[in-house]
S.K.: 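Just passing along the structure, written as structure tokens.
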Amino acid sequence: MISSLNHVAIAVPDLETAAAQYRLLGADVSEAQDLPEHGVTVVFIKLRNTKIELLYPLGDDSPIASFLSKNPAGGIHHLCFEVADIDAAQSRITEIGARVLGDGRPKIGAHGKPVIFGHPKDFQGALVEFEQT
Ligand code: CO
């Protein structure tokens, strides 16, 4: 069901500093983009085999703000795996006894594609995103 690793998302307390560090490492680093519907400002770092997304809180109810309050230095926020069919992925996750966050239905993610999130307690403590590609 899962194929490639699409991205690793890292919550950061200082987006400019983090982006500048990856530029110094020679990575292809995007400009910052505000995604108000997700409560984040994001910088995309394109690598040959995957991406890193730097997440910074945007707005009052950002999920990243609460993450950073528990992890003030920043930290890995989630992994994202590609799937061919998001509805089939949702069914399979439920079949194997894991929970899908929220109402369980796909939402449109940061890349304009349908996504769901698996409950961290059912995935070895890691928040896992599944994106239909
Ligand atoms: Co993501």
Side-chain angles (χ1 to χ4, degrees):
M1 180 185 92
I2 59 174
S3 51
S4 301
L5 176 69
N6 184 275
H7 60 270
V8 176
I10 304 175
V12 298
D14 182 334
L15 194 54
E16 282 305 307
T17 300
Q21 184 181 49
Y22 278 94
R23 282 194 188 95
L24 289 172
L25 292 171
D28 177 355
V29 180
S30 79
E31 294 303 313
Q33 296 174 27
D34 290 341
L35 301 175
E37 65 275 24
H38 296 286
V40 297
T41 301
V42 62
V43 166
F44 298 102
I45 299 164
K46 275 186 251 165
L47 303 173
R48 197 163 46 189
N49 60 344
T50 191
K51 295 186 286 277
I52 306 293
E53 294 182 5
L54 304 177
L55 303 176
Y56 184 79
L58 176 68
D60 293 332
D61 297 325
S62 174
I64 302 306
S66 55
F67 182 90
L68 285 174
S69 72
K70 292 176 217 137
N71 305 274
I76 294 179
H77 184 264
H78 66 269
L79 313 176
C80 177
F81 296 113
E82 297 181 0
V83 298
D85 180 332
I86 200 73
D87 294 315
Q90 189 269 334
S91 298
R92 187 69 189 140
I93 290 163
T94 306
E95 279 167 18
I96 66 169
R99 289 166 285 178
V100 174
L101 290 185
D103 63 9
R105 302 305 310 147
K107 295 192 172 51
I108 297 302
H111 310 111
K113 295 175 177 164
V115 301
I116 53 177
F117 284 89
H119 198 298
K121 287 190 173 149
D122 300 335
F123 289 92
Q124 297 78 44
L127 178 61
V128 181
E129 180 179 21
F130 300 87
E131 180 177 284
Q132 181 173 292
T133 55

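Numbering of ligands and ligand atoms starts at 1, following listing order.
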S.K.: Below 2.8 Å, which protein N, O or S atoms neighbour the Co ion (ligand 1), ignoring water?
M.R.: His7 NE2, His78 NE2, Glu129 OE1
S.K.: So, applying ring pair (Phe, Tyr, Trp, His ring centres under 6.0 Å) with His77, which one of Phe67, Tyr56, Phe117 is it?
M.R.: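 Of the listed options, the one satisfying the test is Phe67.
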S.K.: Mind checking what makes side chain to side chain donor-acceptor pair (under 3.5 Å) contact with Asp28, not counting sequence neighbours?
M.R.: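 Once residues adjacent in sequence are excluded, Asp28 has no partner under the side chain to side chain donor-acceptor pair (under 3.5 Å) criterion.
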S.K.: Taking the side chain as C-beta and beyond, is there a heavy-atom pair between Val12 and Leu55 under 4.5 Å?
M.R.: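 Not in contact.
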S.K.: Among all residues two or more places apart in sequence or in another chain, which pass the side chain to side chain donor-acceptor pair (under 3.5 Å) test with Thr41?
M.R.: Asp34
S.K.: Applying a strict under-4.5 Å side-chain criterion to I, L, V, M, F, W and Y, I'd like to know whether Ile116 and Leu35 cluster together.
M.R.: no
S.K.: Sequence neighbours excluded, which residues qualify as side chain to side chain donor-acceptor pair (under 3.5 Å) partners of His111?
M.R.: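 Scan of His111 (side chain to side chain donor-acceptor pair (under 3.5 Å), adjacent residues dropped) gives Glu53, Glu131.
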